[in-house]
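Note that the coordinates shown come from a computational prediction; the quantities given were computed from them, not determined experimentally.
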Number of protein chains: 2
Amino acid sequence: MSWQTSPFDWNQARAFLTTAEAGSMSAAARSLGLTQPTLSRQVAALEEALGVVLFDRVGRSLAITPTGIELLDQFRTMGEAAASIALAASGQSQAIEGQVCITASDALAAYFLPPILMCLKDLAPGIEIEVLASNDIRDLRRREADIAIRHARPDQPELIAKLVRTSSAHFYAATSYLDRHGRPETAADLADATFVGFAPVERLIAGLNSCGLALTRAQFKVVTDNGVVAGELIRQGFGIGVMPKEFAVLLPGLEPVLPDLVALPVPFWLTTHRELLTSRRIRVVYDLLAEAFS
Amino acid sequence: MSWQTSPFDWNQARAFLTTAEAGSMSAAARSLGLTQPTLSRQVAALEEALGVVLFDRVGRSLAITPTGIELLDQFRTMGEAAASIALAASGQSQAIEGQVCITASDALAAYFLPPILMCLKDLAPGIEIEVLASNDIRDLRRREADIAIRHARPDQPELIAKLVRTSSAHFYAATSYLDRHGRPETAADLADATFVGFAPVERLIAGLNSCGLALTRAQFKVVTDNGVVAGELIRQGFGIGVMPKEFAVLLPGLEPVLPDLVALPVPFWLTTHRELLTSRRIRVVYDLLAEAFS
DNA sequence: GCCAGCTCATGCGTTTTTGTATAACGCAAA
DNA sequence: TTTGCGTTATACAAAAACGCATGAGCTGGC
C-alpha cells in the first residue's frame with residue numbers, strides 16, 4: 001500500500017493555480033503573500049516534477065501552454081476542495097453546537113450538574129450534553145468523554161486539567177439518626193456509632209483515622225460504590241457518613257457531626273482533552289463548568 | 001482580487017490525507033518518503049492553521065476526530081485531483097500525438113520537407129504537422145511554431161538551437177540559359193550575365209562580391225523574396241542564381257556555374273522552444289529533422 | 001524614439017523546514 | 001513481569017526554501 005499520493009509538491013500546485021488565475025507570477029505572489037522569485041521557482045519546480053511545460057515565458061506576461069490549459073481544470077478542483085476545507089474547518093471550530101460528553105461521579109452528576117446544565121441550555125441551545133455518570137476513570141484520550149470532573153489530578157500529562165475548587169469532606173448524619181443515637185461531641189463518642197461507607201472503604205478508614213480517629217471496618221454496616229446510594233442511606237438515618245459539604249447542603253435533614261474534627265481534602269479537577277484548545281462548543285461547556293465550581 | 005486561495009499549506013493537507021488513509025503518521029511518512037517527525041509537525045501545523053483538532057494522540061495508533069472525519073471527504077477530493085493531475089501530466093508528456101508546427105523558408109518547405117514528412121507519417125501516425133512556409137522570422141516563444149528551420153542562429157538564448165548542417169551556396173543556371181549565353185569560366189565572364197536575385201539583394205551582392213566578384217545591382221533583372229519563385233526562374237532559364245547545392249540537385253536541368261569561385265556559407269539551424277525538453281511529440285519531430293539534415 | 005513601469009530570472013544571505021538521533025509511551029507476546 | 005516492536009514527540013545539525021536586491025526584457029505612453 002505504498003502508493004504515492006502524488007509525485008509533486010502540493011504547494012507548487014497552488015502556486016501554478018494561483019499564477020494561472022492571476023495571470024502573472026507577480027500577481028500570484030502578492031495574492032499568496034509570497035515573493036515573485038518564490039512563485040517563479042515553485043512553478044518551475046512543478047514543471048520539472050510533472051515533466052511538462054506549463055507556461056511559456058514570453059517577455060512581460062507569460063502565456064499558459066496547451067498542456068497547462070489541459071491540466072488547469074484538475075488544479076481548479078484541488079483549489080476548490082482546499083477552499084471548501086478551509087470553510088468547513090472554520091465552521092467546525094466556530095459552531096457552538098454539537099455533542100459534548102461529560103463524565104462525573106454519580107453524585108456529582110445527580111446533584112451538581114442539573115442546575116448547571118439548565119443554565120447551559122439557555123446559554124447555548126445548540127449544544128447536546130451527554131452525561132456519563134460513573135465512578136470509573138474514563139479515558140478522555142479515547143474520547144469516551146470530552147470533559148471529566150474528578151477528585152484527583154489526571155496522570156496523563158497531555159490532558160488539560162484545572163483545579164476548580166478545593167473543598168473538604170466532613171461527617172454528616174440525619175437528624176432522625178442523631179435524635180435516636182445522640183449527637184457525638186468527641187472522637188470517643190464515635191466508637192459505637194454506625195457508619196455508611198464509600199468504596200474503597202479501606203482507604204476511607206485510613207484517611208479518617210489519620211485525622212485522629214480509631215474506626216474499625218466493623219463499624220461500617222454498609223458500604224457502597226455509589227455516591228447517591230450512600231447519600232440516601234445517610235439522609236434516611238442509616239448512620240453517619242462522610243461527604244463533601246457541597247453535597248450535604250443539598251440533602252435536607254442532615255446535620256454536621258464533629259465538623260472541626262474530621263476534614264478530608266476534596267479537590268475538584270476539571271479535565272478535558274486537547275480539543276478544548278480549538279473546539280468552541282467544548283470550551284463553552286468547560287468554561288461554564290469552571291465558573292460554576294469556582 | 002486578492003482572495004486567498006486557502007489559508008493553509010497544501011503540503012500539510014497532503015500530510016493529513018495520507019496520515020488518515022495510512023492510519024498512522026509513521027506509515028504516512030514512509031508512503032510519502034518523508035520522516036515521521038516531519039509528518040507529525042505538518043499535521044500539527046495544519047491543525048493549528050485550521051483551528052481544529054484532526055487527530056487524538058492516544059498512545060499507539062492515533063484516532064481521527066469527528067472533525068477530521070467531517071473534513072476528510074474534501075481532502076480526498078484534493079488528493080484525487082492531485083493524482084489526476086499527475087496522471088494527465090504523465091500522459092501529456094509521453095503521448096506521441098498532437099499538432100506540431102514547423103516553420104521554414106518556402107523553398108525548404110517545398111523541396112525538403114515533403115519526403116521528411118512522409119517518413120514521419122509512417123513513424124508517428126498520431127502526429128499532425130502544420131507547415132508555416134515563411135521567410136519571416138517567426139517567434140517560437142509566442143508559439144507561432146514549435147520548430148523552426150533557419151539559416152541563422154536565433155538570437156534568443158532561451159531557445160534550443162542546433163546546427164544540423166553547414167552547407168554552401170553556389171551559382172547555378174539552367175542548361176537552356178547556358179546554351180544561349182555561354183558557360184562562364186572566369187569571374188570576368190560574369191560581367192554581362194543576367195542574375196536572379198533573392199531579397200534582400202544588397203546583402204546578397206555584398207556577399208558575392210566579397211568572393212572576388214564585381215557584380216552590380218543592375219545585373220539582377222529580377223529579385224524575389226520567395227525561394228521557390230527564384231528557383232523556378234533559374235530553372236526556366238531566366239538567369240544565373242545563387243542557391244545552396246542541396247536545392248540545385250533537386251531541380252532538374254541546372255548546371256553549376258563557376259562552382260569553385262563562389263561559395264557562400266549556408267548554415268542550417270534547427271530551433272525549438274523549451275517544451276522540446278519534455279514534449280515527446282515535439283522531440284520526435286525534432287530528432288527526425290535533425291537526422292534528415294545531418 | 002525614448003523613458004517609465006511592469007514583467008520574469010538569478011545570486012546571495014537568512015530564515016524555515018527537514019532529517020537524524022533520542023526519549024517516552026503503549027500494546028502484545030514470552 | 002518483562003522484553004520487543006510499534007507508535008508519537010522533542011533536540012540539534014544539515015539542507016532546502018525564502019526574501020531581498022539586481023539584471024534583462026517587453027509594453028505602452030509621452
Report the distance from atom CG of A/Leu39 to atom P of C/dA9, rounded to the nearest whole Å.
-> 11 Å
Table of protein N/O atoms under 3.5 Å from nucleotides 18-20 of chain C N/O atoms:
unit_1 : atom_1 : unit_2  : atom_2 : d
C/dT18 : OP1    : B/Gln42 : NE2    : 2.9
C/dG19 : OP2    : B/Thr35 : N      : 3.4
C/dG19 : OP2    : B/Thr35 : OG1    : 3.1
C/dG19 : OP2    : B/Thr38 : OG1    : 2.6
C/dG19 : N7     : B/Arg41 : NH2    : 3.1

Are A/Leu113 and A/Ile149 side-chain neighbours, meaning at least one heavy-atom pair lies under 4.5 Å?
-> yes
Rounded distance in Å - CG (A/Leu46) to C1' (D/dA17) | 16 Å
Any B/Arg30 side-chain nitrogen or oxygen under 4.0 Å from OP1 or OP2 of D/dG6 | no
Upstream residue (5' side of DNA chain D) when B/Met25 and A/Asp9 are each assigned their closest nucleotide | B/Met25
Would you indicate whether the side-chain heavy atoms of B/Glu80 and B/Ser84 approach each other to under 4.5 Å?
-> no
Side chains of A/Asp56 and A/Ile64: does their closest heavy-atom pair fall under 4.5 Å?
-> no
Which angle, to the nearest 10 degrees, lies between the helix axes at the two ends of the helix from C/dG1-D/dC30 to C/dA30-D/dT1, each defined by five pairs?
-> 30°
Rounding to a whole Å, what distance do you find between B/Ile64:CD1 and D/dT8:P?
-> 14 Å
Per the side-chain contact (heavy atoms from CB on, under 4.5 Å) rule, which among B/Leu289, B/Asp146, B/Leu132 passes with B/Ile102?
-> B/Leu289
Under a 4.5 Å cut-off applied to non-hydrogen side-chain atoms, are B/Ile85 and A/Met78 in contact?
-> yes
CD1-NE2 distance between B/Ile147 and B/His273, expressed to the nearest 0.5 angstrom = 8.0 Å
Contact check, side chains of B/Val284 and B/Arg281, non-hydrogen atoms, under 4.5 Å | no
Taking only side-chain nitrogens and oxygens of B/Ser26, does any of them come within less than 4.0 Å of OP1 or OP2 of D/dT8?
-> yes
Residues in side chain to side chain contact (heavy atoms under 4.5 Å, CB included) contact with A/Gln12, at least two apart in sequence or another chain | A/Asp9, A/Gln42, A/Ala45, A/Leu46
Heavy-atom side-chain contact between A/His151 and A/Phe268 under 4.5 Å = yes
Take atom CZ of A/Arg14 and atom C1' of D/dA17, then tell me their distance rounded to the nearest Å.
-> 14 Å
Rounded distance in Å - CG (A/Asp56) to P (C/dA9) | 11 Å
